[in-house]
There are 2 protein chains.
Amino acid sequence: MEQFPSILDTHPYLRQTLDLVSDKWITAIIYVLSRGKRRYGELQREIGGVSQRMLTRTLRNLEKDGLVRREEFTTPSLMVEYSLTPLGETLVEPLQSLCQWSVDYFDEVRRARESNPSQ
Amino acid sequence: MEQFPSILDTHPYLRQTLDLVSDKWITAIIYVLSRGKRRYGELQREIGGVSQRMLTRTLRNLEKDGLVRREEFTTPSLMVEYSLTPLGETLVEPLQSLCQWSVDYFDEVRRARESNPSQ
DNA sequence: CAGCATCCTGTTGGATACTG
DNA sequence: CAGTATCCAACAGGATGCTG
């Protein structure tokens, strides 16, 4: 069906990276964890609007990808701390550049949206 | 349900920016357009794997958000050129920082994935 | 060529209830 | 507290066929 590779495949992982970033909760999790270790419940509160199912699922994926570390402590009650691995930390800078863009330019996007009839 | 705002809402547009970037095709389109104007068919081929439905839909959204400009030329046959607006251009740098990350680190992600049992 | 309309499937992801 | 299990709705998104 596809006779030749697309530009996005000119280097083997670009598409997969874009896929990774386009996961709904991953950027949010990395953003929060970039500010330090967090327990499961803290993550859920600070992210906001994420269901347990999705938070757990996404954390498992991030673990599998080597971006997040999970540590379990059996204090009186169970306690789990999540943090970025060194590899995970490397994603923070590109992400921050996006956050900065958001601060600088998203108002323009909003205005463009509003000025459009937008059926 | 949510009594207090999450950290992601500390500045009003961060979450919306993350949402925008987490759209499956937007990053791909911006990436290709960052290399210059493209016709509809060129976009489709260079991105690869995107259906007409989704390409059109996403382009319309990008237009509405003021990130992409659409120009129609009625030459012998219909021809449409898409290009980034100045606002759209501002997204290229954060995106490139992501591409660079992909080059530098995605191999590590891949290895982490493989070394995991991954039920 | 650059779409739009329709149909249809798979995945995403929330809600709820239960567990060690 | 930090999940797991189940169910279900909504939407993402592909395939196909048609149009100016």
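Atoms considered below: every heavy atom in the structure, side chains included; atoms not considered: hydrogens, waters and symmetry mates. Within every chain, numbering begins at 1; the chains are lettered A, B, ... in the order of the sequence lines, protein sequences first and strands thereafter.
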Under 3.5 Å between N/O atoms: give me all the protein pairs with nucleotides 4-7 of chain C, atom names plus distance.
| unit_1 | atom_1 | unit_2 | atom_2 | d |
| --- | --- | --- | --- | --- |
| C/dC4 | OP1 | B/Arg60 | NH2 | 3.3 |
| C/dC4 | N4 | B/Gln52 | OE1 | 3.2 |

>> Given D/dG13, C/dG3, D/dG3, identify the nucleotide with an atom nearest to the side chain of B/Val80.
In response: C/dG3

> Mind checking what makes salt bridge (charged side-chain N to carboxylate O under 4.0 Å, His left out) contact with B/Arg38, not counting sequence neighbours?
Replying inline: B/Glu46

> Taking B/Glu114 for the side chain and B/Arg111 for the main chain, is one N or O donor matched with an acceptor at less than 3.5 Å?
Replying inline: no

> Tell me, which pairs form a salt bridge (charged side-chain N to carboxylate O under 4.0 Å, His left out) where one or both residues lie in residues 73-98 of chain B, sequence neighbours left out?
Replying inline: B/Lys37-B/Glu81

> Taking atom C1' of C/dA2 as reference, at what distance in whole Å does atom CD1 of B/Ile47 sit?
Replying inline: 14 Å

>> Going by side-chain contact (heavy atoms from CB on, under 4.5 Å), name the residues that satisfy it together with B/Asp104, two or more places apart in sequence or in a different chain.
In response: B/Gln100

> Can you list the residues that meet the side-chain contact (heavy atoms from CB on, under 4.5 Å) rule with B/Ser102, with sequence neighbours excluded?
Replying inline: A/His11, A/Tyr13, A/Leu14, A/Thr17, B/Phe106

> How would you label the contact of A/Tyr82 with the nucleic acid (heavy atoms, under 4.0 Å): base, sugar-phosphate, or nothing?
Replying inline: sugar-phosphate

>> Restricting to side-chain contact (heavy atoms from CB on, under 4.5 Å), what partner residues turn up for A/Arg60, sequence neighbours left out?
In response: A/Thr56, A/Glu63, A/Arg70, A/Tyr82

> Can you check the B/Leu55 CG to D/dA12 P distance for me, whole Å?
Replying inline: 16 Å

>> Which residues end up grouped with B/Val103 if you chain together Ile, Leu, Val, Met, Phe, Trp and Tyr wherever their side-chain heavy atoms are less than 4.5 Å apart?
In response: none

> Rounded to the Å, how far apart are B/Arg45 CZ and C/dC1 C1'?
Replying inline: 11 Å

>> Output the rounded distance in Å from CE (B/Met54) to P (C/dT11).
In response: 16 Å

> Could you state the CG-P distance from B/Leu59 to C/dC1, rounded to the nearest angstrom?
Replying inline: 16 Å

> Within this structure, what is the CD-to-P distance between B/Gln44 and D/dG14, rounded to whole angstrom?
Replying inline: 10 Å

> Which residues pass the side-chain contact (heavy atoms from CB on, under 4.5 Å) test with B/Thr75, sequence neighbours left out?
Replying inline: B/Phe73, B/Met79

>> Any heavy-atom pair between the side chains of B/Ser51 and B/Gln44 that's under 4.5 Å?
In response: no

> Side chain of B/Ser77: nearest nucleotide among D/dA2, C/dG14, C/dC1?
Replying inline: C/dC1

> Looking at residues at least two apart in the chain, or sitting in another chain, which of them share a side chain to side chain donor-acceptor pair (under 3.5 Å) with A/Thr90?
Replying inline: B/Trp101

Show me the donor-acceptor pairs, under 3.5 Å and distance only, between side chains in residues 19-30 of chain B and residues at least two apart or in other chains.
| unit_1 | atom_1 | unit_2 | atom_2 | d |
| --- | --- | --- | --- | --- |
| B/Ser22 | OG | B/Leu18 | O | 3.3 |
| B/Ser22 | OG | B/Asp19 | O | 2.9 |
| B/Asp23 | OD1 | B/Trp25 | N | 3.0 |
| B/Asp23 | OD1 | B/Ile26 | N | 3.4 |

>> Can you give me the bend angle of the helix from C/dC1-D/dG20 to C/dG20-D/dC1? Use the axis through the first five pairs and the one through the last five, nearest 10 degrees.
In response: 50°

> If you pin A/Arg70 and B/Lys24 to their nearest nucleotides in DNA chain D, which one's is more 5'?
Replying inline: A/Arg70

> In residues 25-43 of chain A, which ones come under 4.0 Å of DNA chain C, going by heavy atoms?
Replying inline: A/Trp25

